[in-house]
Amino acid sequence: MTGYDTADVLVVGSGIAGCAAALAAAREGADVLVVTKATRPEDASTDWAQGGISTTRGDPESLKADVLAASDGTADEDAIDVLLEDADDAVEDVLLETLEVEFDEAGDDFDYTREAGHSVRRILHVDATTGTHILRPFLEYLDDHERVEIRQDTAALELLTHEGRVHGVVTDEKADGNPVYAGATVLATGGVGVLYPRSTNPDDATGDGIAMAALAGAEVADLEYVQFHPTAFDGDDPFLLSEALRGEGAVLRNGDGERFMPDYHPDADLAPRDVVARAVAREREGTDEVVLDVSTLEDEFEADYPAIAEKCRDRGIDGDEIPVAPCEHFLCGGIDVDDRGRTSLDRLYAVGECARTGVHGANRLASTSLLEGLVWGLRAGADAVGNGNDGEVIEAPDLRNSDPELPERFAAEKFVRLQRTMDEYLGLERDLEDVARAGAVLRRLKGEVDAYTRTRTSRSLYELRHACVTALLIARSAAENPESRGCHYVVDEGANQAEPETPADD
Ligand code: SIN
């Protein structure tokens, strides 16, 4: 074997969870290597996070009740307790003291905002560009840290495993693969947006970590719970219209200009996200028209949400009514981990969206993902250090790169089929017979991809393979769960129907 890299702790992914893991491990004295396939480390999902980061605001029990209610009673109470135990210290220590994030203020306090499912104002934010204002200083801080190296444009392709222990990953840094051996490996690879035609994720969210971990034998859980955001811009190149807008008074209206959320849920526009998403889809049937009316905002749309307002203007919207449709947003399940981010494989950790901690259950409460990533990232990074790097070097798989043109075309074609299948059968509403049909289509697709990659490979083929594996796992979880809960809505099961409950009281 010619040439390889080593690290005490290897982190795959450069969002808030990966950064937190790197920070905690470096603080413990470990040499940390962060690899990200993005050409700029800041191009992680965290950078796209708008609403904010929840705090307990001195009342953890009330946040716990809201997390549980949003999850339809399915979230793991022990996991929520872990989150609440660390939440405020992590925000104080890392975000306020270390990174000096300047959250919006009102008078002599923070300007706490509110989103759907939150019974009180407790969300810290920087207008609606909170993720950017956390991630950029985080990466700058780590970049200056003597124990941390960040390597961009470096995709992790496979885990290096031997007898149930993970020894690192193979990256695509060299044409025939570059092994990175590590005492512990932390997957922080984000979500699965690319599995769907419309998503609020960056366009490289191909489920890499979940697929690599599952292929190596790690346990995964709750993958049927794919969260759709109710208010993404309805048009090409969708973008998020933060739930904070509804938290501050914006309302949804149907094609007749009528408010409809009061008919679906007592909390109206601030009902749990899955309920609002299905209601928006229902109201769009036949008309394709639902708008978010920002004229009712207590805030100033242009002044308080400048980034969103600019995106609307760029797409020719200059009035108060913004066309919206649901769109894939967040995977609530993932690689199963414990309270320290440990997976079922020795020396493999998972944090952030690719992990399933149990905090979200069947439906995630708004503005808890940055917090979960921060808390579990810190826990996993600190725990990972104890493993050391025993210097064991195992044989890395041989990668066969070929003419890049050919795999690119093949991958692009197959991605279209994959997205169409997921959209049609594993979207907001699921019919279990269709889910089984989707499983068969996805199995065939994966077979074609496996056959093709026997003789050649490239980053996009690995991404396609990871996407197929993750899609199949989602289809399998959905097929195995006949019960409608949160984001997994089984049409013929009958429960939790997105039908109006009471006459409109607008
Ligand atoms: C939003 O700003 O609406 C998204 C917040 C979240 O997904 O937590």
Side-chain angles (χ1 to χ4, degrees), residues 15-17 44-55 63 66-67 70-71 75 83 87 91 103-104 111-118 121-135 190-193 198-202 205 225-233 238-252 261 267 269-277 280 292 294 297 299 301 304-309 311-312 322 324-332 352-353 357 359-375 486-487:
I16 189 170
S45 299
T46 298
D47 197 54
W48 294 32
Q50 294 186 358
I53 181 162
S54 184
T55 63
L63 178 55
D66 289 350
V67 170
S71 78
L83 184 80
V91 168
F103 292 109
D104 284 3
D111 174 37
Y112 293 99
T113 190
R114 193 177 163 203
E115 289 179 61
H118 285 270
R121 292 178 169 272
R122 55 161 88 93
I123 298 168
L124 293 172
H125 68 106
V126 183
D127 55 67
T129 53
T130 312
T132 303
H133 283 88
I134 291 174
L135 189 60
V192 299
R198 283 169 46 83
S199 162
T200 58
N201 294 184
Y225 301 125
V226 180
Q227 183 174 73
F228 289 77
H229 199 289
T231 58
F233 179 74
F239 64 91
L240 190 63
L241 290 143
S242 176
E243 223 162 49
L245 290 162
R246 277 175 284 128
E248 298 293 345
V251 294
L252 288 158
M261 276 316 302
D267 293 335
D269 298 88
L270 294 180
R273 196 171 275 179
D274 62 301
V275 175
V276 184
V280 169
L292 185 67
V294 295
L297 265 177
D299 292 342
F301 182 55
D304 293 327
Y305 305 92
I308 297 179
K311 283 186 176 148
C312 289
I322 307 163
V324 293
C327 171
E328 193 282 340
H329 182 58
F330 187 89
L331 182 63
C332 301
E353 191 173 345
T357 61
V359 164
H360 309 310
N363 182 48
R364 179 175 65 84
L365 178 70
S367 285
T368 52
S369 54
L370 293 179
L371 185 62
E372 184 205 39
L374 178 65
V375 164
C487 311

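In listed order, ligands and their atoms are each counted from 1. Along the sequence shown, the residues carry numbers beginning at 1.
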Identify the protein heavy atom lying closest to atom 3 (O) of ligand 1, giving its residue, its atom name and the separation to 0.1 Å.
Glu243 N, 2.6 Å

Is it true that a side-chain atom of Glu115 and a backbone atom of Ala366 form a donor plus acceptor pair closer than 3.5 Å?
no

The atoms of ligand 1 lying under 4.0 Å from a heavy atom of Ser367, numbered in the order shown, are 6 (C), 8 (O)

If we set the cut-off at 4.0 Å for heavy atoms, which region of Thr231 has an atom near ligand 1: side chain, backbone, both, or neither?
neither

For ligand 1, which atoms, with element, lie under 4.0 Å from some heavy atom of Ala366?
8 (O)

For atom 2 (O) of ligand 1, closest protein heavy-atom neighbour:
Ser242 OG, 2.7 Å

Is it true that Glu353 and Ser45 share a donor-acceptor pair across their side chains at a distance under 3.5 Å?
no

For ligand 1, which atoms sit closer than 4.0 Å to a heavy atom of His229?
1 (C), 3 (O), 4 (C)

Do side-chain atoms of Thr132 reach the backbone of Asp47 as a donor and acceptor pair under 3.5 angstrom?
yes

Keeping Ser367 on the side-chain end and Gly52 on the backbone end, is there a donor-acceptor pair under 3.5 Å?
yes

Sub-3.5 Å N/O-N/O distance, His329 and ligand 1:
yes

Exam field: side chain Thr130 to backbone Gln50, donor-acceptor pair closer than 3.5 Å:
yes

Classify the ring geometry of Phe330 against His360: parallel below 30°, tilted from 30° to 60°, perpendicular beyond 60°.
perpendicular

Using a 4.0 Å heavy-atom threshold (strictly under), name the region of Arg273 that reaches ligand 1: side chain, backbone, both or neither.
side chain

Under a 4.0 angstrom heavy-atom cut-off, which atoms of ligand 1 come close to Glu115?
1 (C), 2 (O), 3 (O), 5 (C)

Side-chain donor/acceptor of Thr231 to backbone N/O of Leu241, under 3.5 Å
yes

